[in-house]
Each structure stands twice: as structure tokens, then as C-alpha cells.
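Presented below is the structure to which this report refers.
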Amino acid sequence: PMGNTLVAVTIATGREAWRGPKTAQSAAVAADGGLAFVLGEDANFHALDAATGREKWAVPFPRSGSCDSVPVARGGSVYVTRNVVVRAGDANRAAEYHRHLVALDASTGQERWRYPASPAGAAAMCVDRAIVTGDTYFAVSDQTLYAIDLTTGRDLWPPVEVRAPIDGRERAVGLAGLVDAGAVLVGVTPVSLIAFDKATGRRAWQMPGQYRQNSPSTAVAGGVLYVQGHPGAKPAPEVQGRIVYQGGKPVEQPPVLPGGHLNAIDLATRTVLWSFSRPTAEANWPFGYVIPVDGGLWVDSYQALVMLE
């Protein structure tokens, strides 16, 4: 979407091909099998013909709370977060909803399954980042990593709470920039890169350092992981400027290192192959998306798209 309007552009010419419905704020688009899917401003989830923009179907997606879940389309299904009515509203109380991950039939919009199957005792799902590989849907919601069977909608392994040491105390943290790295999934916490075994959900390895969860700039290609941050650096305290005493004396705290520092890490040896920074008008401007293409690397930078070889 551009703003909150869905726009299709012809790749060969760069010209606008069609405009779709008004989209929900921060809505993302998925495309597969000649169809495009997006959440509309009208509280409907739309399927559009990718060539013409004509609507094929729309299903109601009730609004409740804030969730910028990203749809994923693959193999005739669309996977997306949906609010489901738990208790209907009346004159005395508002309706109650529970947020589920649902699988929709891409050709009809009919729901195939929902996760969790029942809202009882389960946390609401809002998928921050999703990866579909093989027969499994891997996703991060808040501070939890999930692996869900694409056919049944059931857990491949129990949900894993992501934990990391913050200011000397291990606690639950968010996981950003999730990427598929072969046998493992890799994501970013403020203080480490963490890899999880795809078959079991167990932690496979981690690399301490300073990383940016709001712009992780992660990608994988040819056995190399690309990530923004400072691998090996001492983690900075969560609250800057606070004086910590030990034995009655102030302890020097590591500073927050600047953004705009991209690394290439060999996944087999977990060594840093190279690091890249560039001067920008706004000092230490962080990188955005990183896309491997044909042996090179496109990097979203300050007022520029940079190609690295």
C-alpha cells in the first residue's frame, strides 16, 4: 500500500496498473497464485485479481485492538491474524473478541483452521514476523516463537518464550527480524542474535552484542546472515544515564553504539566476514530492508538504495 491505498505497478514500465480498496492503517499485502490479499479500511479482508485489481472475495475481519499482522500466502492458503467473536455484544456490554491466526482458502476466503483452536487459557496472537517453509508456519507474536503445522493448524512443538539477559537479569524479550537460515531460525533481541532449531524449537546458538530491534536488517543468502548491529559488543544498559554502583563505586556502563552498521556473518562458523557503514546527512542513520539479489545485496539506506557486491 501507498499511504492507505493499494496500488499495483507494472514492473516493466513502473506505471500504475490499478488501484484497490482503501487499506487498514499499516496493512501489508501478500500475493500468490495470481491474487493479492490485503486488510481493508472497511474491516474486510480482500482477495483481488493481481492483473486487474478486481475483487474476487471479501470476508469480515472485525476490528478490536491494534495488530499489524502481516498476511502470508502460499500453496492455496492465506495465513493472517483475525479477531473472532467470543461473546456477542448487547445493549449493556461490548462484544468480546479473541485474536487467532487463521488459514483461509485462497480461492474462496473460507476458514480452514484457526490457531489456537479455542481461546480458553491462550494468549491472543498478533504475528510480528512469519516464515513459511516446508509444511510449517513459523511466527513471532510478542515474546513467543511458534511453529504451526500448515495442514492441521496444530503446534509442531510447544510455543517457546524468548528470553535474554537484560541488565543482568534474564527475562522475556521480543524477537525481531526472524529469518530462515536452513536448519535454524535466527532473530534479534537487543543483546543477542539467537538461533532456534526448526525441528525442536530449542535454542541452537546465540551471539551476544548490540542489535536494533526496530531495524534489524536481517537477510540470509548463500550461507551468510546479514544483520545490523555490533556482534561481540558489550550490551548497553536498557536505561541510559543511570549510575550503577558496585562495592560503593560507580561502574562504567557500555555506551549505545551507533546505527548504520551492517554485518555479514558466516552461518557455519559464526564469524563476521565484513561490516559496512556509509556517511549520511543524518549521522548514524540505520539501514532498512536488506534484499539479496543475484549474488549482490540491495540495502535500504538514507535517501538511497545501495548495491553491495
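Residue numbers run from 1 in the order of the sequence given.
Using a 3.5 Å distance cut-off with no hydrogens or angles, the side chains of Asp155 and Tyr115 do pair a donor with an acceptor. Inspection of the Arg19 and Thr5 side chains reveals no N or O donor paired with an N or O acceptor under 3.5 Å. In the model, Gln228 has no side-chain atom that pairs as donor or acceptor with a side-chain atom of His261 under 3.5 Å. With hydrogens and angles left out, the side-chain atoms of Asp142 and Thr144 include no donor and acceptor closer than 3.5 Å.
A distance-only check finds a donor-acceptor pair linking the side chain of Ser141 to the backbone of Cys126 [under 3.5 Å]. Checked by atom type and distance alone, the side chain of Thr280 pairs as donor or acceptor with a backbone atom of Glu282 at under 3.5 Å. A donor-acceptor contact shorter than 3.5 Å links the side chain of Gln213 to the backbone of Gly174. Here the side chain of Glu111 pairs no donor or acceptor atom with the backbone of Ala103 at under 3.5 angstrom. A donor-acceptor pair under 3.5 Å links the side-chain atoms of Ser277 to the main chain of Gly260, judged by distance alone. Proximity of a side-chain donor or acceptor of Gln143 to a complementary backbone N or O of Glu161 within less than 3.5 Å is not detected. A donor-acceptor pair under 3.5 Å is absent between the side-chain atoms of Arg82 and the main chain of Phe61, judged by distance alone.
A salt bridge is defined here as a Lys NZ or Arg NE, NH1 or NH2 lying under 4.0 Å from an Asp or Glu carboxylate O, and Asp197 with Arg202 fails to meet this definition.
Atoms CH2 and OG1, on Trp113 and Thr152 in that order, are 8.0 Å from each other to the nearest 0.5 Å. Rounded to the nearest 0.5 Å, atoms CD1 (Ile11) and CZ (Arg15) are 15.5 Å apart. With rounding to the nearest 0.5 Å, the separation of OH in Tyr211 from CG in Asn263 is 7.5 Å. Expressed to the nearest 0.5 Å, how far CZ of Arg270 lies from CG of Leu193 amounts to 10.5 Å. The distance from the OG1 atom of Thr271 to the CD1 atom of Ile265 is 8.5 Å, given to the nearest 0.5 Å. Of the inter-residue distances, the one linking Leu273 atom CG with Leu225 atom CG reads 10.0 Å to the nearest 0.5 angstrom.
Both Leu178 and Trp157 belong to a common hydrophobic cluster when Ile, Leu, Val, Met, Phe, Trp and Tyr are linked at side-chain heavy-atom distances under 4.5 angstrom. When the side chains of ILVMFWY residues are joined at heavy-atom separations under 4.5 Å, either directly or via intervening members, Leu156 and Val186 end up in two distinct hydrophobic clusters. Residues Phe196 and Val220 do not share a hydrophobic cluster, clusters being chains of Ile/Leu/Val/Met/Phe/Trp/Tyr side chains in contact below 4.5 Å. Under the 4.5 Å side-chain contact rule for hydrophobic residues, Val173 and Val188 do not share a cluster. Note on Leu175 and Ile166: same hydrophobic cluster, where clusters join Ile, Leu, Val, Met, Phe, Trp and Tyr whose side-chain heavy atoms are under 4.5 Å apart, directly or indirectly.
Here the side chains of Val290 and Leu262 are in contact, with some heavy-atom distance below 4.5 Å. No side-chain heavy atom of Asp49 sits less than 4.5 Å from a side-chain heavy atom of Glu55. The shortest distance between side-chain heavy atoms of Trp18 and Leu6 falls below 4.5 Å.
In terms of heavy-atom proximity, Arg163 sits nearest to Ile194 at O-CD1, 3.9 Å. For Ala164 against Thr189, the heavy-atom pair with the smallest separation is CB-OG1, 4.1 Å. Residues Pro235 and Val191 come closest through the heavy atom pair CB-CG1, 3.6 Å. When all heavy atoms are compared, the tightest approach of Arg212 to Pro258 is NH1-C, 4.5 Å. Nearest heavy atom pair, residue Pro116 against residue His98, reads CG-NE2, 4.3 Å. When all heavy atoms of Tyr137 and Leu150 are compared, the closest pair comes out as CB-CD2, 3.6 Å.
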For a side-chain contact (heavy atoms from CB on, under 4.5 Å) check, start with the C-alpha distance between Asn44 and Val59, then their side-chain angles and the critical distance, and finish with the verdict.
CA-CA 5 Å; Asn44 285 298; Val59 294; 5.8 Å; no
Take Arg278 and Val306 through the side-chain contact (heavy atoms from CB on, under 4.5 Å) test and state the conclusion after the steps.
CA-CA 10 Å; Arg278 64 183 294 264; Val306 180; 3.9 Å; yes
Given the rule in the side-chain contact (heavy atoms from CB on, under 4.5 Å) test, do Lys198 and Thr133 qualify, once you have shown the distances and angles that lead to the verdict?
CA-CA 10 Å; Lys198 287 162 68 173; Thr133 176; 3.7 Å; yes
Given side-chain contact (heavy atoms from CB on, under 4.5 Å), test Val140 with Val127 step by step and report yes or no.
CA-CA 6 Å; Val140 176; Val127 176; over 6 Å; no
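In Gln110, the CD atom is not crowded: 12 or fewer heavy atoms of neighbouring residues, nucleotides or ligands sit closer than 6.0 Å. Heavy-atom neighbours of Arg154 CZ from other residues, nucleotides or ligands within 6.0 Å: at or below the threshold of 12.
Using the six-membered ring where Trp is involved, Phe287 and Phe276 have ring planes that are parallel, under 30° apart on the 30 and 60° scheme. Between Trp285 and Tyr302, the ring-plane angle classifies as perpendicular under the 30° and 60° cut-offs.
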